[in-house]
Amino acid sequence: MPGAVVRTVALDLASLASAHDAAALLASLPRLDAVVANAGAVGLPDHVKPRADRGPRPRTTDDGFELFWGTNALGTYALVAGALTRLVECGGRLVTVGSISHAVARAPADAVPDPAEPLSDLAKYAQSKLAVMSLGFELARRLKGTAASSVVVHPGTAMDALAPARDGVAVNQPEAFPGLRPLLRLIGQGKDRAAAVLVAGAAGPAVANGDYWGPSGPFQLSGRPTRHTPRPSALDPAAAAGLVAALERLSGVPLPV
């Protein structure tokens with residue numbers, strides 16, 4: 001955007017202290033029109049990992065929580081809850097980034113994972129995304145009647161291999177052979193195209209409080225942004241209430257709405 005002033009904020013969502021500090025900075029801004037909560041712990045299948053990293057492994061955040069849930073759900077909550085009052089005052093929009101993998105999460109949204117449970121990274125990732133989506137929809141229910149809104153989006157299958165090179169930005173997926181790219185386009189899209197749904201969530205005029213948006217293509221893997229319906233597990237208000245109670249207790253940050 002021409003004339004935009006860009007600044008960065010140090011944030012490690014695997015550290016509650018870091019999330020608290022970043023939330024305090026956001027809350028001090030003169031305006032806060034949108035927060036896009038796109039947490040950074042991604043689950044990859046074993047076949048793309050080094051052999052030493054394959055199979056279930058207990059990994060934790062700085063604060064001792066299961067890594068994926070502690071980053072994607074608890075860390076996101078600490079950031080959002082700390083900045084939410086300012087966002088509501090400004091009539092802003094929260095965009096929570098979920099995943100189609102929430103459909104295969106085994107436990108309800110309010111489950112707090114045990115780091116020692118022998119699950120794959122993909123299973124842990126799916127559980128964390130169900131939790132953060134449940135949080136986004138619960139916030140939408142609580143923000144009804146205010147000028148603020150909460151929406152949930154997912155990018156489909158976003159691949160580094162299909163995205164243009166970005167100087168200074170690390171990739172988290174192995175490079176594909178050029179001949180494989182036409183096949184990969186059948187099941188996903190580049191991260192540049194996948195970002196369109198996040199932009200739509202933050203600024204799209206057709207997006208409303210409580211919406212769920214993702215790609216329009218087959219199985220929601222790629223395509224232009226459109227409205228979808230999440231699995232019932234993400235919309236369960238009882239599970240969401242239990243989740244919020246756990247997040248408040250574990251983060252030490254009360255939800256201000």
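Any value given below was found using the heavy atoms of this structure, including those in side chains, with hydrogens, waters and symmetry copies removed. All values reported here derive from a predicted model rather than from experimental measurement.
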Cluster check F65, L119: I/L/V/M/F/W/Y, side chain < 4.5 angstrom: no
H102 and A234 have their tightest heavy-atom pair at CD2-CB, 4.1 Å
Exam field: side chain Q220 to backbone I100, donor-acceptor pair closer than 3.5 Å: no
Next item on the list: Say whether V36 and L87 are linked into one hydrophobic cluster, either directly or through other cluster members, by side-chain heavy-atom distances under 4.5 angstrom.
Entry: no
Would you check if F68 and K129 make a side-chain contact, meaning some heavy-atom pair closer than 4.5 Å?
no
Correct closest heavy-atom pair for A105 and L130 would be CB-CD2, 3.7 Å
Sorted by chain and number, sequence neighbours left out, side-chain contact (heavy atoms from CB on, under 4.5 Å) with R227 holds for D211, W213
All heavy atoms of S101 vs all of A126, minimum pair found to be O-CB, 3.3 Å
Answer yes or no: does atom CZ of R231 have more than 12 heavy-atom neighbours from other residues, nucleotides or ligands under 6.0 Å? no
Next on the checklist: In this structure, would L198 and L11 fall into the same cluster of hydrophobic residues linked by side-chain contacts under 4.5 Å?
Outcome noted: no
Taken to the nearest 0.5 Å, the spacing of E138 CD from S134 OG works out to 7.0 Å
Worksheet item: When clusters are formed by joining ILVMFWY residues with side-chain heavy atoms under 4.5 Å apart, either directly or through shared neighbours, do L139 and L250 land in the same one?
Response: yes
*Within the distance-only criterion (no hydrogens, no angle test), does the side chain of R93 pair as donor or acceptor with the backbone N or O of A34 below 3.5 angstrom?*
no
So salt bridge (charged side-chain N to carboxylate O under 4.0 Å, His left out) across residues 27-36, not counting sequence neighbours, yields R31-D33
Item checked: Donor-acceptor pair, side chain of T146 and main chain of L143, under 3.5 angstrom -> yes
Review point. Side chains of L94 and V80: closer than 4.5 Å at any heavy-atom pair?
Key: yes
Is the ring pair F137/Y212 parallel, tilted or perpendicular, if the boundaries are 30 and 60 degrees? perpendicular
Margin query: As a quick check of understanding, evaluate side chain to side chain contact (heavy atoms under 4.5 Å, CB included) for L67 and T60, giving each step before the final call.
Written below: CA-CA 4 Å; L67 179 64; T60 61; 5.8 Å; no
Path from V132 to V257 over hydrophobic side-chain contacts below 4.5 Å
no
Inset, instruction - Assess the side chains of S149 and N209: does a donor N or O sit below 3.5 Å from an acceptor N or O? - result: no
Residue pairs meeting ring-ring contact (aromatic ring centres under 6.0 Å, His included), one or both in residues 221-257, sequence neighbours left out, come to none
Problem - More than 12 heavy atoms of other groups within 6.0 Å of R193 CZ - result: no
So, the side chain of Y77 versus the backbone of L255: is there a donor-acceptor pair under 3.5 Å, distance only?
-> yes
